[in-house]
Amino acid sequence: MVLADGLKLHEVADLLTLAGRLLLGAGAEIFRVEETLTRMGHACGVESVDVLCTPTGITYTLVHDTETLTRVVATRIRGLHLATVVDVNAISRGLEAGELSPQRAAQALERLKSRPRQYPVVVAGAARGLSSACWALLLGGTWADFVPALLTAFPVHFVHDRTARLMPEFLAIFLASLVGTAAAMAMAAMSPALHRGALVIGVIIPLVPGTALTGAVRNLIAGDLVSGVTVAADALLQAAAIAAGVACTLAIVRGQL
Amino acid sequence: MNLLVQLVLSFVGATTAAVLFTVPRRSLLWCGALGSIAWFTALGLTQKGLAPAAADFVAAFVVAVGAEACARLQQTPVPCFAAPGVIPLVPGISAYRAMYALVNGQYPQGQSLAFQTFMMAAAIAAGLVLAGSIYHAVRRSKTDLKVEGSGTVAGG
């Protein structure tokens with residue numbers, strides 16, 4: 001039995017490696033990486049595909065006729081990019097449906113690798129500002145807090161954006177939370193009409209690790225206990241980092257007064 | 001605060017959170033809608049006298065069901081909708097008050113607030129788990145009938 005389109009087994013492996021790196025790097029759930037690679041392997045005509053994925057790497061074995069190929073791909077989550085996950089999924093579905101040849105799929109994946117971020121830094125910063133302002137207002141603020149809450153988001157976004165690639169996510173979040181709380185306290189100190197609590201809450205809500213929480217839950221539901229617990233630990237660390245940032249600033253300010 | 005204002009704020013608040021989670025553009029408005037649904041579900045239930053954690057549990061369940069539906073409709077992973085959808089439920093106020101009390105040395109009060117925060121976060125996770133596992137079980141039973149032993153099948 002031959003593979004689709006005269007493919008070699010190592011070419012299928014290259015395709016899976018590319019897709020796996022993209023998915024895991026963009027922060028897809030672990031079971032999604034395993035399922036997508038399995039489906040893509042089968043779509044290319046490989047008889048047996050076994051994928052084992054962890055948050056730091058992917059291992060897979062392809063068996064076809066008398067040939068066996070195993071690869072270990074060391075990679076890690078490089079930052080959230082759900083749009084990439086969606087696009088890799090679409091490519092995988094196209095491959096399964098026969099709309100895309102394996103070569104075309106590989107080209108499409110290569111293009112995803114080098115495309116710019118879904119939202120430019122400025123747009124994301126503005127979104128953080130609006131988000132902060134909305135939640136500050138809903139969670140205990142008044143209209144007077146709207147603009148100050150909007151402004152606190154910019155130092156937060158700047159710090160998070162600059163540090164996210166240099167250190168683990170929870171450290172970047174700790175620094176962002178620290179700076180954000182300081183900015184909120186400084187704003188609140190300027191006018192008695194402002195609500196310090198609401199401003200700080202506006203800073204912390206957009207930092208909440210929502211995708212880590214849902215990712216952990218979904219890994220656990222899928223029966224993937226190792227990844228589920230790992231991602232849950234990540235979510236807890238990030239939540240603790242936000243709390244620690246707020247507490248540090250509060251403690252410092254209290255010492256000053 | 002006026003209900004219409006709350007609707008707009010929760011919608012915009014969840015949509016912008018979705019931008020921060022890098023959700024694709026075509027899914028953004030659905031995230032906003034789920035955020036508003038979550039906000040009003042939790043608000044309504046709390047006003048009916050339900051404990052905050054219980055209200056968060058029900059609201060998270062509703063969000064998760066909505067997220068599964070949106071995911072199917074748009075062929076997009078569930079976290080794209082579920083993650084921004086639960087943002088309105090995050091116990092920001094009690095988390096802040098807990099930190100404030102603890103830093104000021106009011107340990108008993110800080111402890112109970114911290115525990116309340118933890119309970120609400122756990123309730124959100126529990127709501128997501130319940131909806132997700134029901135959906136997973138239904139999907140599992142359907143696919144098992146169609147193809148026997150077709151390898152691992154996990155939620156879409």
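Every chain is numbered from 1 and lettered A, B, ... according to where its sequence line falls, protein lines coming before strand lines.
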Considering only heavy atoms, which portion of [X] lies under 4.5 Å from any heavy atom of chain B: side chain, backbone, both, or neither?
{"X": "A:Leu80", "answer": "both"}
{"X": "A:Leu213", "answer": "side chain"}
{"X": "A:Val208", "answer": "both"}
{"X": "A:Leu139", "answer": "both"}

Chain A heavy atoms under 4.5 Å from [X]: which part of the residue, side chain, backbone, both or neither?
{"X": "B:Leu130", "value": "neither"}
{"X": "B:Phe11", "value": "neither"}
{"X": "B:Val5", "value": "side chain"}
{"X": "B:Pro88", "value": "both"}
{"X": "B:Ile124", "value": "side chain"}
{"X": "B:Thr117", "value": "neither"}

Top contributor to chain B contacts, counting heavy-atom pairs under 4.5 Å, from [options]:
{"options": "A:Ala232, A:Ala212, A:Cys134", "result": "A:Cys134"}
{"options": "A:Ala124, A:Pro206, A:Gly223, A:Gly197", "result": "A:Gly197"}
{"options": "A:Ala244, A:Gly27, A:Ser131", "result": "A:Ser131"}

Determine, stepwise, if the pair B:Ser36 / B:Ser10 fulfils side-chain hydrogen bond (donor to acceptor under 3.5 Å, both in side chains). CA-CA 5 Å; B:Ser36 288; B:Ser10 57; 3.1 Å; yes
A side-chain contact here means heavy atoms from C-beta on lying under 4.5 Å apart; do [X] and [Y] qualify?
{"X": "B:Phe61", "Y": "B:Ile134", "answer": "yes"}
{"X": "A:Pro209", "Y": "A:Asp234", "answer": "no"}
{"X": "A:Thr38", "Y": "A:Tyr60", "answer": "no"}
{"X": "A:His157", "Y": "A:Val121", "answer": "yes"}
{"X": "A:Leu52", "Y": "A:Ile58", "answer": "no"}
{"X": "A:His160", "Y": "A:Arg128", "answer": "yes"}

[options]: which one forms the most heavy-atom pairs within less than 4.5 Å of chain A?
{"options": "B:Gln74, B:Arg25, B:Gln6", "result": "B:Arg25"}
{"options": "B:Leu20, B:Val90, B:Val129", "result": "B:Leu20"}
{"options": "B:Val8, B:Leu102, B:Leu9, B:Val23", "result": "B:Leu9"}

Can you tell me if A:Asp224 and A:Ser227 form a side-chain donor-acceptor pair at under 3.5 Å?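 The criterion, which ignores hydrogens and geometry beyond distance, is satisfied for A:Ser227 and A:Asp224.
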Between A:Arg218 and B:Glu68, does any NZ, NE, NH1 or NH2 come within less than 4.0 Å of an OD or OE carboxylate oxygen?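 Judged by the 4.0 Å cut-off on N to carboxylate O distance, B:Glu68 and A:Arg218 do form a salt bridge.
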Verdict with reasoning, A:Arg93 to B:Gln75, per side chain to side chain contact (heavy atoms under 4.5 Å, CB included): CA-CA 10 Å; A:Arg93 266 197 293 271; B:Gln75 300 269 33; 3.4 Å; yes
